[in-house]
Colleague: 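Sharing a structure, written as structure tokens. Questions coming.
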Amino acid sequence: MALATFKGGIHPPGRKELSKAHPIERAKPPKQVAVPLSQHIGAPCKPVVKPGDTVKLGQVVGEAEAFVSAPVHASVSGKVRAIAEYPNPMGRLVPCVVIESDGEDAWVDLVEDADYLSLSPERIKEKIRQAGIVGMGGATFPTAVKLSPPKEKPVDVVMLNGAECEPYLTADYRLMMERPGEVLEGLKILMRALGVKKGFVGIEDNKPDAVEAMREAAASLADVEVCPLEVKYPQGAEKMLIKAITGREVPNKGGLPMDVGVVVQNVGTALAIHNAVRYGKPLVERVVTVTGRGVAEPRNLMVRVGTMVSEVIEQCGGLTEAAKVISGGPMMGFALSTLEMPVTKGTSGLLALTEGEVVHARDFKPCIRCGRCVDICPMGLMPSMLSVLSEAGQYEECKDYNLFDCFECGSCAYVCPSKRPIVQFVRLAKSMTKPG
Amino acid sequence: MEAAKSPRELIVSVSPHVKSEDSVAKIMWTVNLSLLPAFAGSVYFFGWRALYVTALCIVAALFGEWLVEKLTSRPMTLSDGSAFLTGLLLGMNLPPSSPAYIAIIGSLVAVMVAKQMFGGLGFNIFNPALMGRAFVLITWPRAMTTWTAPVASLGAVDAQTTATPLGLLKEEGLHKLLEVFGSKSALYMHLFVGNRAGSLGETSVLLLLIGAAILLLKRYITWHIPLSFVATVGVLTWIFGTNPETGGLALFGGDPLIHLMSGGLILGAFFMATDYVTVPTIKAGQVIFGVGCGILTVIIRLWGGFPEGVMFSILLMNCFAPLIDRRMRSRIFGYRKVEAA
């Protein structure tokens with residue numbers, strides 16, 4: 001049987017073998033954390049503690065005021081030292097609550113709910129919201145918001161995204177291997193919260209053991225289906241995943257999964273949801289794949305939010321000959337300008353590339369119109385035209401070529417034989433024009 | 001273990017952070033390589049003169065590229081293989097007896113005018129090699145339509161003047177062609193193997209297809225343009241071609257095989273009409289481009305002033321490539337659903 005997939009896409013080398021055999025280990029408890037007050041798309045949090053305050057592990061330190069937002073919590077117990085600014089992976093300075101650990105890891109009182117699957121949808125969403133859960137695949141959209149679709153957009157399918165199509169990353173893979181039961185409990189909670197009868201788990205077929213582990217765990221669940229997907233980037237992009245599994249196409253020009261009755265959550269998010277709804281645990285840690293040929297000992301680590309990147313890399317033997325350190329995967333991640341930067345809820349991986357692996361943008365050449373980018377664009381766009389027009393400063397004309405339907409997966413820049421920085425040209429055009 | 005790098009040492013650039021190993025140079029040199037069988041065939045069929053003419057073209061093309069980039073202080077692109085390819089293709093498109101000035105001037109026009117004056121690789125509208133050939137054909141029509149019979153031996157110096165199969169077909173009819181080659185099967189065989197008069201690299205269908213297979217397997221070209229081009233010529237020459245019995249026009253009486261295997265059709269369809277820069281990028285547009293090339297080729301061959309029409313048909317369709325790309329957009333993901341709503 002042909003595996004579910006979408007049209008277009010590319011096959012970059014997976015490189016997952018570097019870290020995939022390493023079970024998730026708990027990172028050393030950090031002596032100090034800097035919990036960013038903005039870790040998600042949406043409004044930043046207001047700090048609710050001040051320097052000198054004593055906080056417990058899991059205590060709210062930043063409150064979300066807006067609807068599209070999520071609170072942040074202390075990831076160690078100890079004393080608040082400062083509200084100080086640290087860069088985020090995109091290079092912007094973000095205020096952070098700096099907490100010095102007392103080494104106790106004393107939790108706030110957690111209320112366990114044994115009957116968590118019979119909670120009302122409203123109660124579930126409230127608990128998810130209070131736990132500060134955001135999408136952990138990297139986009140960090142507040143989860144509770146995703147779970148509140150308007151009435152005119154009924155949702156009938158919940159999907160867990162275990163595709164992990166970014167090369168190198170193995171965080172989601174390890175979670176599915178090691179904790180498939182809890183991930184599926186998270187899915188059941190999501191189905192309950194949305195009143196949905198059908199749940200899917202999409203996993204790329206280069207992880208057959210994860211497919212097997214999840215299938216075994218889902219054997220008793222009649223309404224949950226584990227779908228192996230063709231190995232193809234960007235299979236884990238929400239729209240591509242939905243197309244592959246249900247055949248539904250999210251409308252262009254700003255359409256959302258809920259427009260076709262689907263809600264997608266990352267498998268890591270599902271685990272966090274389970275921890276939050278069942279045990280009352282806020283999101284204070286996540287699995288981070290530390291990998292690449294530039295790091296001494298690639299690993300999958302459970303890292304507290306707010307731990308310095310430098311500290312995480314140090315625990316993996318440090319950098320060897322890394323020339324570029326990326327937060328996230330090589331296709332859509334961000335190159336870091338400093339390692340003195342906190343891990344956030346969206347940090348799926350820390351990837352260290354060596355000099356020989358880095359393609360320098362200064363070497364790019366004119367477009368030869370070979371059409372490779374056109375053939376592989378999962379959105380059916382003409383990246384060649386977007387890059388040529390943007391390079392010429394014709395930003396408005398880019399809209400004729402559906403500029404704003406590009407979600408910057410980078411497939412075009414990957415295949416371009418002229419090594420053109422197409423994603424950069426697209427971002428430039430987007431920033432110079434208004435959608436519409 | 002080394003200490004963490006200081007921020008200054010970290011490279012910061014935009015995603016994606018990994019790229020495929022394909023490059024323009026790799027593609028161009030592979031195309032050059034794929035022409036090697038047909039080039040070797042040209043030396044076999046027409047003697048060392050084939051090597052001489054082609055080498056002149058390549059050297060002149062490289063010189064033209066170097067000169068323009070030197071004068072305009074643009075980055076040097078000699079190593080990307082594209083100027084070499086233009087020279088090689090032009091050489092393969094010239095008659096074996098071409099004088100040196102035709103080879104040199106043709107190459108200089110191709111690279112300096114058709115390519116560099118438009119901005120260099122990626123910006124030219126017309127296929128440079130074909131532009132160079134069109135220029136010398138119009139300027140020196142006599143020399144460009146003087147053909148030599150294949151000698152199939154490396155020692156031959158003085159080759160005999162003859163007509164090309166398409167020339168015979170056009171001027172004197174099919175019976176003359178059969179007379180010259182003996183029988184229909186002998187005619188087919190000579191056309192397929194390449195033992196016939198014609199431009200240097202265009203005569204051997206067999207050797208050209210070997211090269212084309214390499215490009216298709218490496219996915220450097222797709223079937224869209226060559227197949228639609230060749231199929232269109234086949235169908236139209238079958239419908240409108242000369243009837244072997246009467247020698248005149250009879251619908252559905254033509255012999256498409258002669259047309260497919262003679263002239264520059266195979267060389268043009270697989271190696272010139274597939275030039276990325278001068279053809280549409282959308283696959284559906286490429287099929288239109290190929291069909292257009294086929295129609296124009298047949299019109300020129302059957303009713304035009306030249307026995308051969310591949311060069312002009314590709315150049316004419318080059319004009320339409322940008323237009324075709326504008327009209328033939330690929331379907332945007334999620335678009336149809338919005339229209340329906």
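Quick caveat: nothing in here was measured; it's all calculated off a predicted structure. In what follows, chains are A, B, ... by sequence order, proteins preceding strands, each numbered from 1.
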Colleague: Could you tell me the separation between the CZ atom of A:Phe364 and the NZ atom of B:Lys19, rounded to the nearest 0.5 Å?
Modeller: 9.5 Å
Colleague: Using a cut-off of under 4.5 Å on heavy-atom pairs, state which of A:Val388, A:Val325, A:Asp375 scores highest against chain B.
Modeller: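 Of the options given, most contacts go to A:Asp375.
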Colleague: Any donor and acceptor pair, going by atom type alone, linking the side chain of A:Lys419 with main-chain N or O of B:Ser20 inside 3.5 Å?
Modeller: yes
Colleague: Between A:Met379, A:Lys365, A:Met332, which shows the greatest number of heavy-atom pairs under 4.5 Å with chain B?
Modeller: A:Met379
Colleague: Which members of residues 67-83 of chain B, sorted by number, sit under 4.5 angstrom from chain A on a heavy-atom basis?
Modeller: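 From residues 67-83 of chain B, none sit under 4.5 Å of chain A.
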Colleague: Would you say that more than 12 heavy atoms from the other residues, nucleotides or ligands in this model lie under 6.0 Å from the CZ of A:Arg293, or not?
Modeller: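 It does not: A:Arg293 CZ has 12 such atoms or fewer within range.
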Colleague: So for B:Glu21, is it side chain, backbone, both, or neither that comes closer than 4.5 Å to the heavy atoms of chain A?
Modeller: backbone
Colleague: Looking at chain B, which one of A:Ser418, A:Pro417, A:Ser384, A:Gly380 has the largest number of heavy-atom pairs inside 4.5 Å, strictly under?
Modeller: A:Pro417
Colleague: Can you find a side-chain donor-acceptor pair between A:Lys324 and B:Ser13 that sits under 3.5 Å?
Modeller: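 Yes, side-chain donor-acceptor contact under 3.5 Å.
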Colleague: What do you reckon, is NZ of A:Lys243 surrounded by more than 12 foreign heavy atoms closer than 6.0 Å?
Modeller: yes
Colleague: B:Arg329, B:Gln286, B:Lys283, B:Arg219: which one forms the most heavy-atom pairs within less than 4.5 Å of chain A?
Modeller: B:Arg329
Colleague: Say whether, by atom type as modelled, one donor and one acceptor occur between the side chain of A:Arg369 and the main chain of B:Thr281 under 3.5 angstrom.
Modeller: no
Colleague: Heavy-atom pairs under 4.5 Å with chain B: which of A:Pro421, A:Gly333, A:Cys416 has the most?
Modeller: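 Highest number of heavy-atom pairs under 4.5 Å: A:Gly333.
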Colleague: Below 4.5 Å from any heavy atom of chain A, which atoms of B:Leu121 appear? Answer side chain, backbone, both or neither.
Modeller: both
Colleague: Within this structure, what is the CD1-CG distance for the pair B:Ile332 and A:Asn402, rounded to the nearest 0.5 Å?
Modeller: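 It is 4.0 Å, given to the nearest 0.5 Å.
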Colleague: Say you draw a straight line from CE of A:Met382 to CE of B:Met328; how long is it, rounded to the nearest 0.5 Å?
Modeller: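 Interatomic distance, A:Met382 CE to B:Met328 CE, rounded to 0.5 Å: 10.5 Å.
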Colleague: If you count the non-hydrogen atoms of other residues, nucleotides and ligands that lie under 6.0 Å from CZ in B:Phe320, is the total more than 12?
Modeller: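 No, the 6.0 Å shell around CZ holds no more than 12 heavy atoms from other groups.
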Colleague: Please report the shortest heavy-atom distance between B:Ser15 and A:Val423, naming the atom on each side.
Modeller: O-CB, 3.5 Å
Colleague: A:Cys370 versus chain B, heavy atoms under 4.5 Å apart: side chain, backbone, both or neither?
Modeller: both
Colleague: Quick one: pull up CZ in A:Phe334 and NE2 in B:His17 and give me the separation to the nearest 0.5 Å.
Modeller: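 Nearest 0.5 Å value for the CZ-NE2 distance: 8.0 Å.
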Colleague: Picking from A:Gly410, A:Gly8, A:Pro12, A:Pro378, which has the most non-hydrogen pairs under 4.5 angstrom with chain B?
Modeller: A:Gly410
Colleague: Give, for atom CZ of B:Phe333 and atom NZ of A:Lys7, the distance between the pair rounded to the nearest 0.5 Å.
Modeller: 11.0 Å
Colleague: Where do B:Pro16 and A:Tyr414 come nearest, in terms of heavy atoms and distance?
Modeller: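 Minimum heavy-atom contact is CG-N, 4.0 Å.
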Colleague: How long is the span from the CG atom in B:Leu10 to the CG atom in A:Leu353, to the nearest 0.5 Å?
Modeller: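 Between B:Leu10 CG and A:Leu353 CG, I get 11.0 Å after rounding to 0.5 Å.
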Colleague: Please evaluate residues A:Val415 and B:Asp22 with respect to the criterion side chain to side chain contact (heavy atoms under 4.5 Å, CB included), reporting the C-alpha separation (whole Å), side-chain torsions for both, the decisive distance (0.1 Å), and the verdict.
Modeller: CA-CA 7 Å; A:Val415 298; B:Asp22 253 344; over 6 Å; no
Colleague: Counting only non-hydrogen atoms closer than 4.5 Å, does B:Lys26 touch chain A with its backbone (N, CA, C, O), its side chain (CB onward), both, or neither?
Modeller: neither
